[in-house]
Protein chains: 2
Amino acid sequence: MSEKKNKNKKISLSEVATAAGVSKMTASRVLRGEGGYSESTRALVMQKVDELGYLPNRLATVFAGDKSSTFVGVSIPDLGNEVFAQVLEGIDRKLGLFGHQTVLGLTQHTQKAEEEWIKTVLSWQPAGLILTGRYHSARATEMLKAANVPIVEIWDLNSSPMDTSVGINHFDCGFDMGRYLVGCGYRELGYVGTSHDTANAAATRLDGFTRAVEGGNGHVSKQLCLHDTANYYTGYYGTEQLLAGTKSVECIFYQNDAMAFGGLQFVLSKGMSVPGDIGIAGWGDLPIASVLPKRMTSMHVPHLKLGQTAAEMMLARLSDEPVPVCKDIGFHLIPGTTVRRADN
Amino acid sequence: MSEKKNKNKKISLSEVATAAGVSKMTASRVLRGEGGYSESTRALVMQKVDELGYLPNRLATVFAGDKSSTFVGVSIPDLGNEVFAQVLEGIDRKLGLFGHQTVLGLTQHTQKAEEEWIKTVLSWQPAGLILTGRYHSARATEMLKAANVPIVEIWDLNSSPMDTSVGINHFDCGFDMGRYLVGCGYRELGYVGTSHDTANAAATRLDGFTRAVEGGNGHVSKQLCLHDTANYYTGYYGTEQLLAGTKSVECIFYQNDAMAFGGLQFVLSKGMSVPGDIGIAGWGDLPIASVLPKRMTSMHVPHLKLGQTAAEMMLARLSDEPVPVCKDIGFHLIPGTTVRRADN
DNA sequence: TAGCGTAAGGTTACGGGTAACGCAATTGCC
DNA sequence: GGCAATTGCGTTACCCGTAACCTTACGCTA
């Protein structure tokens, strides 16, 4: 705190060079190991680097070479959702192995926050961007195009992405769940989620779900909570509200597993039996599901792999390898024990 | 992909200036709004900025001003653990409000990975670093000192941090749980965790726990899994191994709630009743715990607040406001229903 | 109307590296 | 021994903004 401000200066390459009695350029060559110097010079420079504790300034490197950095911007809606945390982990681990750094951006599910973040992160000359979701504001899209950096859009499968895309088809995901539940004999279905916005993956799943249910002569009553986080509480209270409004619901599909657990707990607390009195189905297959006594009927998505694949696609783009425009990483249904068994 | 490479160039400030018929410097002044230009000039420059889609290059700004960037490096062990994801969310949200960007580093609980990451991230001239844990490699410590940037060490309370610190006292945390369980009448206790390393918070909790139990004439048998992730599976199998080794254990304390849920599920699957036949206690108080029928005996730590507080301390350091060297954000015990009730 | 202040803008010199090029000394080859 | 090729290093210019300083034109006052 009260130290003199004279020690603030970082050691620069020229200081190392001067100490070693060579030119900046020679020191630079040694540090990059690109040859053009003798062994004795190399040893001398490296010795001075050690002595002075020199740390290169990567900003200058990027700046000088007019090349892009090793940063990869990654936008994620929120980390309260375990699923996104896993995606992020997959991305960062893989990127880290190849010398890239993740610059995080939490968008809170809003395009406005995403746009703000994109603007800032682009000004740092990132090597590329990984964005969650396929819907971006007009200005964001414009900036992204102008920036001309590799982009991987994840989560929603996007057959005509800005650049490349990896994810799953959320419509199909919802549709498959709807068909499965109809196949189990349910006709009066409920949905509890949080999104009022139509421009997101959860809404797309709901579309698919509704289509399948109605195609099977069923009906879907919906309850969308105003809270913007899809968690245990919103699942609990959303279920309470749904059941207060419509008595006839036989089975409820939730936006995600966290909400489904909340809903499960609500109906159990009201003395209902699952799946005897009501069916419960989630989405995302939380890790905890695998150790609970009742296996949640859900949809498994390989989240960690999604992240890793996104990172791999980014790395391939960065090294100009061919990359598929769009990659489907798939999902599969977990029958579980929270809906009654299909009688097929 | 196959586009000509001529569009790759980004528009620079001088191009904007030339287009507007003014000097670079005037354009710079307009963009920073620091005055010294007429309204007509301002309008003209801004019009050109819009037309050309100019995005400033922050690298150059940092570079020119010889000031630090708006990056804050944040090291986190892993995101599989929900608890760390919440801490990160707290940090990034708060930092984002003040125009800072989070550069993520997942250290996988190893000092080597942390050191590697520190070296890289420092070369980007970050404004500051937030590090999880108080134990760093010697070389890392050296680099951090030389870099002379604000540092906030989180998670472990550290009365003599490198710079500043916020977290909880893990020894006390373990101790309080030990005392509580002894107070519940347990004497033969078990511990299941993953850390073989003594240099981390979980090991410190175990120390505190052991001290309290032995102080109450109890005894602790331990089972440390070789897996490095503390999750449901390691909890499940760790419990199986612990119980195979020592039949007499009355109650088990786990490294975290995820492992405790795994353990709970194991003992239930063996037909044991909880807390009738055996007690189960976790740590961290996972959000899901609040909606499950059986409330896990655990220790609540305000994770999101921890992250926010860390970010606040960083922001204060960056604006040279006074910051406490060390801040305890506390914890409290959740009695729960997975251990038998204290008879005091 | 000289003298001065101020608004509006231009000029120059960096900052920390790197690409491109220059050049002397050594080595290889016939 | 003469010439070219290579090795080992230095010089210069540049990347894109900004701080510091300089210039010009105009208005006001004594």
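Residue numbers start from 1 in every chain, and the chains themselves are labelled A, B, ... in the order their sequence lines are given, proteins ahead of strands. Just so it is clear, the values below take in all heavy atoms, side chains as well, and ignore hydrogens, waters and symmetry mates.
Considering only side-chain N and O atoms, Thr41(A) lies under 4.0 angstrom from the phosphate OP1 or OP2 of dC9(D). For dG16(C), the OP1/OP2 oxygens have no side-chain nitrogen or oxygen of Tyr54(A) closer than 4.0 Å.
Smallest separation of non-hydrogen atoms from Gly105(B) and Trp117(B): CA-NE1, 3.2 Å. Shown here for Thr107(B) and Ser75(B), the closest heavy-atom pair between the two residues is CG2-CB, 3.9 Å.
Interface residues of residues 14-40 of chain B facing DNA chain C, ordered by number: Val22(B), Ser23(B), Met25(B), Thr26(B), Arg29(B), Gly36(B), Tyr37(B), Ser38(B); criterion, heavy-atom separation under 4.0 Å.
The CG-C1' distance, from Asn57(B) to dC15(D), rounds to 9 Å in whole Å. Whole-Å rounding puts the Arg42(B) CZ to dG9(C) P distance at 12 Å. Atoms CH2 (Trp124(A)) and P (dG17(D)) sit 12 Å apart, rounded to a whole Å. Distance NZ (Lys10(A)) to P (dG17(C)): 11 Å, rounded to an integer number of Å. In this structure, Leu13(A) atom CG and dC15(D) atom P are separated by 20 Å, rounded to whole Å. We find that CZ of Arg58(B) is positioned 17 Å from C1' of dG15(C), with the value rounded to whole Å.
With respect to Val74(A), the side chain to side chain contact (heavy atoms under 4.5 Å, CB included) criterion is satisfied by exactly one of Ile154(A), Ile130(A), Val121(A), Leu131(A): Ile130(A).
Judged purely by atom type and a 3.5 angstrom limit, Glu89(B) uses its side chain to pair as donor or acceptor with the backbone of Leu79(A).
Using a 3.5 Å distance cut-off with no hydrogens or angles, the side chains of Thr110(A) and Gln108(A) do not pair a donor with an acceptor. Using modelled atom types and a 3.5 Å distance limit, the side chains of Ser69(B) and Gln125(B) yield no donor-acceptor pair.
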